[in-house]
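In what follows, a structure is listed as structure tokens, so that the remarks can point back to it.
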Amino acid sequence: MTDSKYFTTTKKGEIFELKAELNSDKKEKKKEAVKKVIASMTVGKDVSALFPDVVNCMQTDNLELKKLVYLYLMNYAKSQPDMAIMAVNTFVKDCEDPNPLIRALAVRTMGCIRVDKITEYLCEPLRKCLKDEDPYVRKTAAVCVAKLHDINAQLVEDQGFLDTLKDLISDSNPMVVANAVAALSEIAESHPSSNLLDLNPQSINKLLTALNECTEWGQIFILDCLANYMPKDDREAQSICERVTPRLSHANSAVVLSAVKVLMKFMEMLSKDLDYYGTLLKKLAPPLVTLLSAEPELQYVALRNINLIVQKRPEILKHEMKVFFVKYNDPIYVKLEKLDIMIRLASQANIAQVLAELKEYATEVDVDFVRKAVRAIGRCAIKVEQSAERCVSTLLDLIQTKVNYVVQEAIVVIKDIFRKYPNKYESVIATLCENLDSLDEPEARAAMIWIVGEYAERIDNADELLESFLEGFHDESTQVQLQLLTAIVKLFLKKPTETQELVQQVLSLATQDSDNPDLRDRGYIYWRLLSTDPVAAKEVVLAEKPLISEETDLIEPTLLDELICYIGTLASVYHKPPSAFVEGSRGVVHKSLPPRTGSSESAESPEAAPSAGQAAEQPAVIPAQGDLLGDLLNLDLGPPVSGPPLAASSVQMGAVDLLGGGLDSLMGGGGGFAAPGPAVPASMGAPLGSGLGDLFDLTGGVGTLSGSYVAPKSVWLPAMKAKGLEISGTFSRQVGSISMDLVLTNKALQVMSDFAIQFNRNSFGLAPAAPLQVHAPLAPNQSVEISLPLNTVGSVMKMDPLNNLQVAVKNNIDVFYFSTLYPLHILFVEDGKMERQMFLATWKDIPNENEAQFQIKDCSLSADAVSSKLQGSNIFTIAKRNVEGQDMLYQSLKLTNGIWVLAELRIQPSNPTFTLSLKCRAPEVSQHVYQAYDTILKN
Amino acid sequence: MLMRCGPGCHCPSPSPSNLIPKRVTSKESCQATDGKHRQSQKMIHSLFLINCSGDIFLEKHWKSVVSQSVCDYFFEAQEKAIDVENVPPVISTPHHYLISIYRDKIFFVSVIQTEVPPLFVIEFLHRVADTFQDYFGECSETAIKDNVVIVYELLEEMLDNGFPLATESNILKELIKPPTILRSVVNSITGSSNVGDTLPTGQLSNIPWRRAGVKYTNNEAYFDVIEEIDAIIDKSGSTVFAEIQGVIDSCIKLSGMPDLSLSFMNPRLLDDVSFHPCIRFKRWESERVLSFIPPDGNFRLISYRVSSQNLVAIPVYVKHMISFKENSSSGRFDVTIGPKQNMGKTVEGVVMTVHMPKAVLNMNLTATQGSYTFDPVTKVLTWDVGKITPQKLPNLKGIVNLQSGAPKPEENPSLNIQFKIQQLAISGLKVNRLDMYGEKYKPFKGVKYITKAGKFQVRT
């Protein structure tokens, strides 16, 4: 006697027969018939034709039958709105039933019927049910408000249901609270602007109490809601954390992850010196690890989130490397994620273990996984310098296996290793060249070509090798073509005599026979460079390349911070903010981590997010996307690179084209270059060498400051963007007070008045110390100069870049926004001179990885002049030493928020390049301090 | 021209690549802003149950009906994944997300429309599967089809508007009675139904997991301490990774409202624990005692992990010699399993499974103990060893036949070992005593220990 009998059909036609049964007089037969209808529904059959007959069965005392009819109604009411009205009376009656189960069932079902006509009738019963004496009914009614809101938002607001719902947050029953929170969150989601969930310390307290008592699902709603709260200070944050931590031991992994989100977010506000901070860090590790023993689907989601967490706070899981080791029967999606996290956790301490594992994985069956494992070995080499040698030899072992895809992956990563450790492992090139023929993937071919081009002088038959690639030039992918072009040009510059023919061939292939504009452009650039000034070409093409960054796939810090706020959601699985993909997410509010509070802490470590810290520790390898010169030199070897500030930009690339000398007049004796044809613009005749020089000078001249270290005013807000109001300005610091010097110009036709100014939260809490005083209204074409005093007691939020300031200016016409960068030296305070002893101790105390080194170029001042010039800007020289003819200046400065920066400036006589080493507990400021040095010294 | 990524580019991309969410088309977003017909709802929109051959055999919609065609995206992913286990749990389609689990040869595919916590959905789906298992004794296509009406009633009871409603088995069983042969006979005679018509008492009390008025003639409380060893052993026999996943499963049949406390000899072992909601966390924090009013029947009291930081005793060792000769289309296979520190207990129920490389055609082996099978289609070798006696170690030895002409397999197969040790919790965890308050009768109490292999792998 099973339900499968309901699926059997007769010859007469199912619907016909069911209709007869539904209208039978026998109760039992009716029920059986409805069951048959439901069974058809479960497999997606359309039984909507039976609507009137099923609805007729609704009035019954039999609860099971009633439930079944309700089930049917929910499915089909929408397709039969007129008929659905027939059901309304029964619903309304059922909402008055003495049995709470039936009252709840009725209000629940009614809410699921998405027919406008019905919703009008729903309001009264719903209002009663929201105040029902039975909590079961109340909690069902709370959800019903959300349903109704989804169908007709206006109705819900007009009827005042939202307020009733808010009252339910204070209900005595935790389940009702949880459902009210869930319903409110859902409604709030579709109305981001409405302040539905008005969270204040009182309501938070209620939620925290309900958290302990409600069901697991309710706990998730409450935790997700808590995560949106912004505690007013670190003490409140800590007390919330304390009450949330027990949830980490919950058996439901979704509860655990929601709790992790709350903790990760509020932790941001806690001082790192606090004992509690350390305790919390320790408490976070076990639950995260436990998630990995759950079902694979749960593991996958957990791993995607852990990936974010280790980037934000690597210290949490740094000892748990082993739990990420891959088991051979893990599903592939788990394997790949584990591998990713292993690399992130790899450090000198555990690199041996990690490498042994990776080597093991590289012999597995699954191709995708093996590839990623090989790649991971390369990433280890780049990340942990001490292991580079072992990684390279492991990779060589793998190449010996001759497994095609392994070899190709290995070559791709070895190329990256070369870029990180130049002139160290070139001995392996011979082995690589042996595998040239087996490379069939563009990425591997391009990598190999790069290697051949880069080390052309050490490979005897480099020309033959490259020539062999050239044969099928047009069949190659663009990546390979571009690489081949560059490699041959490099080869030519290194061995000009033997390879003229080759370079000519490739240039003509690239410029004349290709439809690809990238390739053509690059071909022309080389052509002209070579023909104009081979020496310059050599300088450009063979310039020393910046080292590649160790962690190239870190999520950008601001995005990471946002994603941390979305732990446990789809956004955390995709590593994208919800605004990037969620349907109908109009105006999704970007979430951000709370700022750290308390003055002293923020001074110690302003948001010293480890990932951001890491990036700043070694400024030479900050992944910066914009460094286009790097790209020009290394065409398409794209890991984001940066390096010595060789800031050539794409604009200058264009300039090269303009400056290009006529080709035919060039390369004199080298000869043999054909003119590339009509596509070449006529020669501009400017000597390229000086042209290039000009280009680089240009960059030096940007953003210069005047002698008093006050930059000339620049336009911050152009009139076009602000309905005629133009604002230009600069920052200055005089005798301990910072001011923002503004010129407001009215370029509109009407008089402007009622000026006011406000700053957004910023890294150092800059804020106007007085209101913006514009005494008389500003007539058209008039301008006024104002000096706005600033203080640094505003609220703090880390900006990117650090010295970014967002300003809002209001006048009688509108509100305008702009952002500007302030020079860091306005924040250098007058009492920034450190005691000698103190200096020594602090210098030793700050870990070496916080040290950053910079070059200050083209500065011909003497040590003493430097010293006095810097003193004017509150950079104090504490000691001066002369070591082997070099002058060493030891200097200190202090920022308004109490951060000390220690500096060592090395000046060699007759060398215009100074070396500046900066040490600071908050290494992210170093870059900006260096810029301040640079501007001060150059003016 | 300078923007393109080239070789060595490490642009971050979520993997696997088919997970990249697609942007909403303009048509859809227009629809979404139209207030009246907007269908944004939290959580689970629809559920499809799909069997291994790709038939959708049940669908349930909590709001409007979503066409079955949405599952095509799932089938696409399934095809790509080749192996059923490798289907990614989160798939995006132009208008929906599909979050799925694979349990007992059934895919539970849920359709999601807005941002939701995927773990929430996955946990819920597992709970649905658990409930089916609980109600029908097995979670299979046949069981679900045979009880389709109950399934539908259950699903309706478990989720309302995407919010989980009642997921505790104790409560569900009061609302919807599980099918029994007796009941269906009685029902068909008397016309009574299997739907409870009163509100479950536990639903809203402070102990939602327990129903009131429980009565037993024999009052019993049993605890099973079950520990599984997850380990990776490398070629040379040293432990790469090992940890213990433990659970205490309870079967409590006690009348009234008993209040239990369970204490351990060595509670310090438990530093990473997940609790059933019935456990009072504060007592645990302060006294390391599990104090709780239990649900009625079977439930998991705690699960715990003894981490890799602690030393984990590995109860068996494996000696192996698996080699393939170059160009000879054959290889040798020789595996011996022996017991290690097992505290005087016997290792039993030993089974070894090996996924042999694709090139293996057949295996010609002799087992000194137990029996072996080799499936030439799936290339899985299974050796059912049974009990290990230290005097005579079981050994499996012989010749591996390879496809002629195929290259020598690169990968080394991992040996997957299962075993059981009765009356031993390998972590050393021991229950001290169980006390009952609140009720007068004397219950019968029992604790059982068992250690098993979890994911226990030996690399060769």
Side-chain angles (χ1 to χ4, degrees), chain A residues 1-4 28 35 39 42 44 63-64 100-101 108 135-136 143 147 182 186 217 246 249 251-254 257 286 290 293 297-298 300-301 322 325 327-328 331-333 336 363 365 416 443 446-447 518 521 552-553 568-570 573-575 578 581-584 628 631 636-639, chain B residues 1-2 5-10 12 14-16 21 24 32 35 40 42 58-59 68 85-86 88-90 101 115 117-120 122-123 145-149 152 156 160-161 163-164 184 191 193 195 197 199 203-204 208 232 241 245 272-276 281 305 308 410-411 414 455 457:
Chain A
M1 287 282 280
T2 66
D3 290 353
S4 43
E28 207 38 45
K35 282 192 178 176
T42 62
L63 188 60
E64 184 177 22
L101 199 60
R108 183 169 125 205
Y136 181 72
V143 177
K147 295 183 201 169
E186 183 182 329
W217 313 108
S249 302
N252 185 322
S253 58
L257 205 57
T290 302
S293 51
E297 301 93 3
L298 294 171
Y300 170 72
V301 177
K322 283 186 174 178
F325 285 0
K327 303 192 177 84
Y328 87 93
I332 180 72
Y333 54 84
L336 295 175
T363 61
V365 198
D416 283 350
E443 202 181 351
D518 285 0
D521 279 2
T552 42
D553 60 346
T569 66
L570 277 174
V573 173
Y574 288 123
H575 291 185
F581 64 90
V582 171
E583 198 156 288
L628 295 162
D631 251 336
D636 288 355
L637 284 164
Chain B
M1 85 181 228
L2 299 167
C5 305
C9 165
H10 298 265
S15 57
V24 191
S40 102
K42 244 193 156 132
L58 187 111
E59 60 182 75
Q68 288 197 348
E85 269 116 32
N86 288 340
V90 185
I101 64 163
E115 172 67 278
L119 276 190
F120 188 116
I122 295 173
E123 276 279 358
K145 275 187 171 162
D146 283 352
N147 297 288
V148 71
V149 175
Y152 233 56
E156 187 57 30
D160 175 22
N161 192 41
F163 302 135
S184 63
S193 73
V195 169
D197 55 5
L199 190 62
Q203 178 93 323
L204 290 150
I232 302 175
F241 159 83
Q245 304 285 353
D272 181 5
V273 198
S274 300
F275 295 119
H276 188 278
F281 189 73
R305 186 177 67 93
S308 42
E410 280 307 326
E411 75 266 14
S414 283
K455 288 181 176 168
Q457 306 185 347

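Sequence lines set the chain letters: A, B, ... in the order given, protein chains first and strands last, and positions in each chain run from 1. Just so you know, these numbers come straight off a predicted model, no measurement behind them.
With a threshold of 4.5 angstrom between heavy atoms, B:F281 approaches chain A through side-chain atoms but not through N, CA, C or O. In this structure, the portion of B:Q245 lying under 4.5 Å from any heavy atom of chain A is its side chain and not its backbone. Only the side chain of B:I232 comes within contact range of chain A, judged by heavy atoms closer than 4.5 Å. Contacts of B:Q68 with chain A are made by side-chain atoms alone, with heavy-atom separations under 4.5 Å and no backbone atom involved.
Of all non-hydrogen atoms in B:P118 and A:L570, the two that sit nearest each other are CD-N, 3.6 Å. Closest of all the heavy-atom pairs between B:F241 and A:F325 is CB-CD2, 4.2 Å.
Between the CD1 atom of A:I332 and the CD atom of B:E85 there is a distance of 12.5 Å, given to the nearest 0.5 Å.
Judged by distance alone, the side chain of A:E297 and the main-chain N or O of B:I122 form no donor-acceptor pair under 3.5 Å. Between the side chain of B:Q457 and the backbone N or O of A:K327, no donor-acceptor pair lies under 3.5 Å.
B:S274 places a side-chain heavy atom less than 4.5 Å from the side chain of A:T290. Residues B:P88 and A:Y300 form no side-chain contact, since every pair of their non-hydrogen atoms from C-beta on lies 4.5 Å or further apart.
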Begin with the C-alpha distance, continue with both residues' side-chain angles, and end with the deciding distance and a verdict on side-chain contact (heavy atoms from CB on, under 4.5 Å) for B:D160 and A:K147.
CA-CA 10 Å; B:D160 175 22; A:K147 295 183 201 169; 2.7 Å; yes
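The candidate from A:P331, A:P246, A:S249, A:A251 with the greatest count of non-hydrogen atom pairs under 4.5 Å with chain B is A:S249.
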